[in-house]
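Here is the naming used below: chain letters follow the sequence lines, and residue numbers restart at 1 for every chain.
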Amino acid sequence: MLDALKTRLGDAALSEFRGQSRAIVPRDDLASTMQWLKDDQGFDLLVDVTCVDYLSYRDAEHRFGLVYLLANTATNERLTIRVYLDEPDLAVPSMCDLWCGANWLEREVFDMFGIEFRGHPNLKRILMPEAFVAHPLRKDYPLQGRGERHNFPVLTREQA
Amino acid sequence: MAIEVPENVVVTKLDELASWCRKNSLWPMPFATACCGIELMATGASKHDLARFGAEVFRFSPRQCDLMIVAGRVVMKMLPVLQRIWQQMHEPKWCISMGACASTGGVFDTYAVVQGIDRFIPVDMYIPGCPPRPEQLIQAIIDLQDKIQREGTIRGAEFELASRQAPKRALVELPTYGRSAAMIGPGR
Ligand code: SF4
């Protein structure tokens, strides 16, 4: 599997840490690579989709790192796929057609980081209220929010 | 002129009679959103036996309750639900804010967690602790019973009085809590 990946993506894209294989995939190749990994390499399980915001991270060249964790349930291989994204273009193809489980995972990443998954059947917020405007796990969003948590009507004794 | 009262007659005020009836038959609404709810359940269970204080009948329908026990943190998505349930409860009604989270947000000083339910609904009793022991909850219920006995009136005038008082609650935002709600616009 690793050799096949090496010929496909090139040496530089591959790395290993404590027995875990990682690969960096350019955004434009993502859809075809994932299709290939699922159909030809047997990665039948999408374990997680998550994202890292590298804002003010030392030596970081890109703003966001979108992370896919894949597993091959027949051979027990695991693979981490990483896609770097920069503002303002934060769109990637959705993986919902390949792995149905991507649906809610991608909605969460969209909610928390504002990554747009093209072709997702139902891309709306999953955790925050729908009227929420920000993407709270971005590093430039204040930890305590921008006052949204105080923005409710106050019920007093006589109203209730 | 002295009136002779037979031994088996008790003289009281109607207000006190009403309060006495109310305080010994509190029906809690368990609004348990987090870990404090476990202690709330323990309080209702046989070991701590809330029945000794007449408050053991937990009802999950707000229409049947008169004591809301908010046990746990309340997030932005839950607060409208909390307010709706509070409004659905009939007067007279009281509210206990159980635990650090319900009272102040606790350690969850984040964008999604409401920093104290008393900002948005009236609260009668606060219980400190993370989580409070069942004994503390029982103490709060006893204190609330005291309060009901002291202040209660048959026509619910104590609530009218409370509404005329200036709001004591800390509604003013602290400057460290980010910029004001005005930035977000109307609604939530
Ligand atoms: S006060 Fe402590 S026990 Fe209660 S809800 Fe908060 S974290 Fe959980």
Are more than 12 heavy atoms from other residues, nucleotides or ligands located less than 6.0 Å from atom [atom1] of [X]?
X       : atom1 : answer
K139(A) : NZ    : no
R150(B) : CZ    : yes
E61(A)  : CD    : no
N122(A) : CG    : yes
E135(B) : CD    : yes
R22(A)  : CZ    : yes

Whether R119(B) side chain and H150(A) backbone form a donor-acceptor pair below 3.5 Å: no
Q115(B) side chain to R149(A) backbone, donor-acceptor under 3.5 Å: no
Between CG on residue L155(A) and CD1 on residue I117(B), distance to nearest 0.5 Å: 11.0 Å
Nearest-0.5 Å distance that lies between atom CG in D109(B) and atom CG in L143(A): 7.0 Å
Side chain to side chain, R146(A) and Y111(B), heavy atoms closer than 4.5 Å: no
Plane angle bin for F120(B) and F152(A) - parallel if under 30°, tilted between 30 and 60°, otherwise perpendicular: perpendicular
Where Q83(B) and P153(A) come nearest, the two heavy atoms and their spacing: NE2-O, 2.8 Å
Proximity breakdown for V113(B) and chain A, heavy-atom pairs closer than 4.5 Å: backbone
